[in-house]
Number of protein chains: 2
Amino acid sequence: MYNLLVVDDEPKIREVIKEYADFSGYNVTEAADGMSAIGLCKLNDYDLIIMDIMMPKLDGYSAVKEIKKIKDIPVIMLSARGEEYDKLFGFELGIDDYVVKPFSPKELMARANAILIRKQNASKSQNTVMTFDGLEVNFAARTVSVDGERIDLTPKEYELLFYLIQNKNIALSRDKLLSDIWGYDFFGDDRTIDTHIKNLRNNIGPYRNFIVTLRGVGYKFEYEEK
Amino acid sequence: MYNLLVVDDEPKIREVIKEYADFSGYNVTEAADGMSAIGLCKLNDYDLIIMDIMMPKLDGYSAVKEIKKIKDIPVIMLSARGEEYDKLFGFELGIDDYVVKPFSPKELMARANAILIRKQNASKSQNTVMTFDGLEVNFAARTVSVDGERIDLTPKEYELLFYLIQNKNIALSRDKLLSDIWGYDFFGDDRTIDTHIKNLRNNIGPYRNFIVTLRGVGYKFEYEEK
DNA sequence: CTATTATTTCACCATATGTTCACAAAAGTC
DNA sequence: GACTTTTGTGAACATATGGTGAAATAATAG
């Protein structure tokens, strides 16, 4: 069951999409503006976002820009006929498709389906390698390289690093780290995390400051695409 | 060196793709319509076709249909936004991916790469014999040689080795190994795997360290092409 | 049925790893 | 600056994990 996020300020549009998407077997969440879309994306996982460009509070482009910083979710943009949009800007943001209003729900769903199928196929053969400057992380192989040199990490260090990266640019509280990596039933010292962070930082040497301390909160893996 | 066939009626598009593909180390042939694409495919071998849907003389779909009758070549379809997609749905024609215009050449190439790698891997596993330095494994014959010398393995050892190799460079948890090799209904001791790994390692002697222990996780067959 | 081979279990051990803790260092607060 | 709070760190200790040989069990062949 795919989760769809529909972002549009016009209730009618949302309704039409929801109705058809429900029918097609999607699970639909609605949002009325870019701001709340971002909030929702922080807290939940969606498989596809359908987003209007012109919206109050925060327009579609800016919202997508923010969301893409957090999670890589496929996006279909809705634009009113005659609305100018910058194609180049669009694909830089990783927008997968555009649909012009008025649209046929059937076609919109067809495109949504096509994108999801494509992503699914892609993820199968997808290279699970991510690079952050000289820091290369291969999730499938469970390897990490620093400046081309393979480094060894302990299980917890892998888990921690992978978790941080999967949530890159997101503030992670100690509580969250503990419950997500150690398990909700872990009742340990707060220093435990710090110690692992320390070891991890030492191991990734020159890239240690990708792991940022958030005083009073926890940690964050900070990296902006270039 | 891969051979790419780019089929589009717009010279500009062809040019953009060619430029980027050249740069990525592909050998590019251009065609302006479906008809000539078919002709080219009859006479030459291509590793991948990038084809526009909307073209004069013969549209992309029909061309692909014809080409697939002759040769099984991977295809990426280009579609202008607003074109009907319904047909693409089941990928019934054997289309591997499609990209919506306007596209980023970088992404197009990334997808082309992904498809070629996928195909390569697929064809490899069908290849019955694989060598890793002095370790030669023949899947069809179910034989393994170490430095030219045939070695005997027990059934489980074969299974284990074959499985590891088919998933080479991928971290495999004990759970996964157990359920995939022993069956989901196996409720055995964790040590079972370890023991078989031990025996396998002893049997492949000098190449024992291709089988890497992933502490806290499981095992992995690690080998980088030379 | 017996002999042989294969698989699984298990206890022992070395060691890699996780946790704790005391103290040092740093960052905020007043 | 003096104080409080929070984070960094090294070392000590406890624990978990995987390698291993041998024994028990199961499967297979003769």
Side-chain angles (χ1 to χ4, degrees), chain A residues 142-144 150-164 171-222, chain B residues 142-144 150-164 171-222:
Chain A
R142 218 163 200 268
T143 57
V144 178
R150 175 78 63 81
I151 60 166
D152 279 331
L153 297 179
T154 67
K156 269 274 141 53
E157 284 162 28
Y158 276 117
E159 278 189 84
L160 187 53
L161 179 61
F162 288 178
Y163 187 86
L164 286 170
L172 298 164
S173 69
R174 282 195 171 67
D175 267 1
K176 190 159 173 58
L177 287 168
L178 274 181
S179 67
D180 284 6
I181 301 176
W182 274 260
Y184 66 94
D185 53 346
F186 179 84
F187 289 102
D189 201 298
D190 254 18
R191 295 274 79 81
T192 301
I193 292 184
D194 303 53
T195 300
H196 284 285
I197 290 279
K198 170 195 63 175
N199 295 337
L200 188 51
R201 279 178 173 156
N202 287 339
N203 280 318
I204 62 173
Y207 305 105
R208 49 160 48 240
N209 30 10
F210 286 164
I211 299 171
V212 180
T213 304
L214 302 169
R215 195 155 227 277
V217 183
Y219 298 92
K220 172 176 71 162
F221 188 92
E222 193 169 81
Chain B
R142 221 182 151 75
T143 58
V144 178
R150 175 77 58 81
I151 60 166
D152 279 332
L153 297 178
T154 68
K156 269 273 142 54
E157 283 163 29
Y158 276 117
E159 279 189 82
L160 186 53
L161 180 61
F162 290 175
Y163 188 85
L164 287 170
L172 298 164
S173 69
R174 283 194 171 67
D175 266 1
K176 192 163 171 54
L177 288 167
L178 273 181
S179 68
D180 285 6
I181 301 176
W182 274 260
Y184 67 94
D185 54 345
F186 179 84
F187 287 102
D189 201 297
D190 256 18
R191 288 14 285 272
T192 302
I193 293 184
D194 303 52
T195 300
H196 284 283
I197 289 280
K198 172 193 63 176
N199 296 336
L200 190 50
R201 278 179 172 155
N202 287 338
N203 280 319
I204 62 173
Y207 306 106
R208 49 158 48 239
N209 30 10
F210 286 165
I211 299 173
V212 180
T213 303
L214 302 169
R215 204 153 228 277
V217 181
Y219 298 91
K220 170 178 69 164
F221 189 92
E222 189 168 273

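Letters go in sequence order (proteins before strands), and every chain restarts at 1.
Remark: B:R174 CZ to B:I197 CD1 distance equals 8.5 Å, nearest 0.5 Å. Atom OG1 of B:T154 sits about 6.5 Å away from atom NE2 of B:H196, to the nearest 0.5 Å. Rounding to the nearest 0.5 Å gives a distance of 5.5 Å between CZ of B:R201 and OH of B:Y219.
Using a 4.0 Å heavy-atom cutoff across all strands shown, B:F186 reaches sugar-phosphate atoms only and no base atom. Among the heavy atoms of the strands, none lies under 4.0 Å from B:R208. Residue A:L153 is out of contact with every strand shown, counting any heavy-atom pair closer than 4.0 Å. In this structure, A:T192 reaches the bases: a heavy-atom distance under 4.0 Å links it to at least one base atom across the strands shown.
Straight-line distance from the CG atom of B:N199 to the P atom of D:dG18: 17 Å, rounded to whole Å. Between A:N209 atom CG and D:dG8 atom C1' there is a gap of 15 Å when expressed in whole angstrom units. Counting to the nearest Å, the P atom of D:dT7 and the CG atom of A:L172 are 14 Å from each other. As rounded to whole Å, 16 Å separates atom P of D:dT17 from atom CD of A:E157. Across the protein-nucleic acid pair, A:I193 atom CD1 and D:dT6 atom P stand 15 Å apart, rounded to whole Å. To the nearest angstrom, P of D:dG8 lies 16 Å from CG of A:N203. Per the geometry, CG belonging to B:D189 stands 14 Å off C1' belonging to D:dG19, to the nearest Å. Across the protein-nucleic acid pair, A:D190 atom CG and D:dT7 atom P stand 8 Å apart, rounded to whole Å.
Nearest nucleotide to the A:R215 side chain, out of D:dT5, D:dG18, D:dT9: D:dT5.
When the nearest nucleotides of DNA chain C are assigned to A:P155 and B:E159 by heavy-atom distance, the more 5′-ward of the two goes with B:E159.
For DNA chain C, the span of nucleotides reached by chain A at under 4.0 Å from its heavy atoms goes, 5' to 3', from C:dT17 to C:dG28.
Judged by distance alone with a 3.5 Å cut-off, a donor-acceptor contact links the side chain of B:K198 to the base of D:dG21.
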Which is it for A:Y158 and B:V217 under the side chain to side chain contact (heavy atoms under 4.5 Å, CB included) test, yes or no, and what are the steps along the way? CA-CA 11 Å; A:Y158 276 117; B:V217 181; over 6 Å; no
Given the rule in the side chain to side chain contact (heavy atoms under 4.5 Å, CB included) test, do A:L164 and A:F210 qualify, once you have shown the distances and angles that lead to the verdict? CA-CA 10 Å; A:L164 286 170; A:F210 286 164; over 6 Å; no
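One finds no side-chain N or O of A:Y219 lying less than 4.0 angstrom from the OP1 or OP2 phosphate oxygen of D:dT6. Put simply, B:R191 has no side-chain N or O that comes within less than 4.0 Å of OP1 or OP2 on D:dG18.
With a 4.5 Å cut-off on side-chain heavy atoms, B:L172 and B:F221 do not count as touching. Side-chain contact between B:L153 and B:R142: absent, with no pair of heavy atoms (C-beta onward) separated by less than 4.5 Å.
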